[in-house]
Protein chains: 2
Amino acid sequence: MTHVIDSKTIQHPHNHKSCLQQALHVAEQVCHQKGLRLTPIRRRILELICTSHKAIGAYELLDIFHAEDAKAKPVTIYRALDFLMEAGLVHKVESLNAFIACLHAESQHKSVILICTQCHNAYEMDAEPIYEQLFALSKSIQFTPHYLTLELQGICSHCAA
Amino acid sequence: MTHVIDSKTIQHPHNHKSCLQQALHVAEQVCHQKGLRLTPIRRRILELICTSHKAIGAYELLDIFHAEDAKAKPVTIYRALDFLMEAGLVHKVESLNAFIACLHAESQHKSVILICTQCHNAYEMDAEPIYEQLFALSKSIQFTPHYLTLELQGICSHCAA
DNA sequence: ATTGTAATGTAATAATATTACAATTTTATA
DNA sequence: TATAAAATTGTAATATTATTACATTACAAT
Ligand SMILES: [Zn+2]
Ligand SMILES: [Zn+2]
Ligand SMILES: [Zn+2]
Ligand SMILES: [Zn+2]
């Protein structure tokens, strides 16, 4: 994975339609490749998450989706989220209890999530060297690393300007 | 801060009383120094968190504390937690929605929280170089870093053995 | 003593997430 | 194609985590 974030594009106003198209296209590909079923519900939830770069909560998703499908319940959303996360198409932002779409699910991820506390956008940036060092460090004390939560809050370039 | 974790001690069975004493002693010092009031409730909640190295949830704390003080309500716990976190005596483990005591609150912290998914113990380890690199990386794309969430799940040396 | 501030009491509610079981749809295979 | 197995969705209830609002009490500073 190259730098997923590009301060010239994602942090600033940009043609967001291409983000959405990209994410959905990759999702189709990944699911086909892994033999997973991107059902209408799952696809729609992914679309809703991709609406912006702000992390979105499960109940916000429910509010929107319920207007389209009155049968939708919390578990409808959580199931879709579980599927999408399992497939690597969506990430949970633990420090916000909210979710973002992965724009580069096709490749491996060792990323940090950058969260702007002003505009509330959240994006991934490649951080593979960080993972490697941290994993090495933990191994040096006989701790076997499995999964890293790495989220950086701050002010994005657009909001700082 | 030196290495807060020591695979020879905290990860393995150890005289935990000294962890507790240490944490409470430091808490007294820190509060005195910063002009903060470590009231009986706050002190007791800290003690309860220090009971073990497992991260503990707010409602687990409430269950225990309520048995000692029938007036206790959720907000009693959350207020104490807010105070303790603000004072740097307790950290929230975002990926668990639970809390741990800081054993070295007297010094600055740039730590990673190591979480064993088997025994559920959680400890801090110094990770200052990681912070520096990540902060530098974020600045290089004009993102101003404020606060890092850094939690590593895995298997501790005791459980691996 | 008086007054302002911080801490706690009390009640209600909001926000996030999971469990259990039934019905339906899809997939596999006889 | 018919049938069985597996995956997905429907539905209801509930569990878990966290906050808001306002009253009261304790503490600190004049
Ligand atoms: Zn975009
Ligand atoms: Zn911003
Ligand atoms: Zn200990
Ligand atoms: Zn362990």
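The shown structure was predicted, so the numbers you read here are calculated from the model rather than taken from an experiment. A, B, ... follow the sequence lines: proteins, then strands. Residue 1 opens every chain.
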Passes side chain to side chain contact (heavy atoms under 4.5 Å, CB included), A/Cys31 versus A/Leu89? Steps please.
CA-CA 9 Å; A/Cys31 288; A/Leu89 302 171; 4.0 Å; yes
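- Residue A/Lys71 is classed as a sugar-phosphate contact, given heavy-atom separations below 4.0 Å to backbone atoms only.
- The main-chain N or O of A/Ser95 is found under 3.5 Å from a side-chain atom of A/Glu151 such that the two form a donor-acceptor pair.
- What separates CD1 of B/Ile45 from C1' of C/dT8 is a distance of 13 Å, to the nearest Å.
- A/Arg42 has a side-chain polar atom (N or O) that falls below the 4.0 Å cut-off from OP1 or OP2 of D/dT8.
- Nearest approach of A/Cys116 to A/Cys156, heavy atoms of both residues: SG-N, 3.4 Å.
- Placement of B/Tyr59 and B/Leu46 within a single hydrophobic cluster is found when ILVMFWY residues are connected by side-chain heavy-atom separations under 4.5 Å, directly or transitively.
- The distance from atom CG of A/Leu81 to atom C1' of D/dT9 is 15 Å, rounded to the nearest whole Å.
- The nearest whole Å value for the distance from the CG atom in B/Leu38 to the P atom in C/dT8 is 10 Å.
- The separation between B/Ile41 atom CD1 and C/dA6 atom C1' is 13 Å, rounded to whole Å.
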Residues B/Lys110, B/Glu132; criterion salt bridge (Lys or Arg N to Asp or Glu O under 4.0 Å); working and verdict
CA-CA 9 Å; B/Lys110 293 188 171 174; B/Glu132 286 182 3; 5.2 Å; no
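- In this structure, A/Leu36 places its CG atom 13 Å from C1' of D/dT8, rounding to the nearest Å.
- To the nearest angstrom, P of C/dT24 lies 15 Å from CZ of A/Arg79.
- Between the C1' atom of C/dA7 and the CG atom of B/Asp69 lies a distance of 13 Å, rounded to the nearest Å.
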Taking N or O atoms only and anything under 3.5 Å, show me the protein contacts with nucleotides 13-18 of chain C, one pair per line.
residue, atom, partner, partner atom, Å
C/dA17, OP1, A/Lys92, NZ, 2.5
C/dA17, OP2, A/Tyr78, OH, 3.0
C/dA17, O5', A/Tyr78, OH, 3.4
C/dA17, N7, A/Tyr59, OH, 2.4
C/dA17, N6, A/Tyr59, OH, 3.2

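- Computed from coordinates, the B/Ile77 CD1 to C/dA7 C1' distance equals 15 Å when rounded to whole Å.
- Contact between A/Leu48 and A/Glu68 at its shortest, heavy atoms only, is CD2-OE2, 4.5 Å.
- Remark: B/His146 NE2 is packed, more than 12 non-hydrogen atoms of other residues, nucleotides or ligands lying under 6.0 Å away.
- Side chain to side chain, A/Ser111 and A/Glu124 meet the donor-acceptor criterion of an N or O pair below 3.5 Å.
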Set out, line by line, the N/O atom pairs under 3.5 Å between protein and nucleotides 27-30 of chain D.
none

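- With rounding to the nearest 0.5 Å, the separation of CG in B/Leu152 from OG1 in B/Thr117 is 10.0 Å.
- As the counterpart of D/dT30, C/dA1 is assigned, both hydrogen-bonding distances of the Watson-Crick or G-U wobble pattern falling under 3.5 Å.
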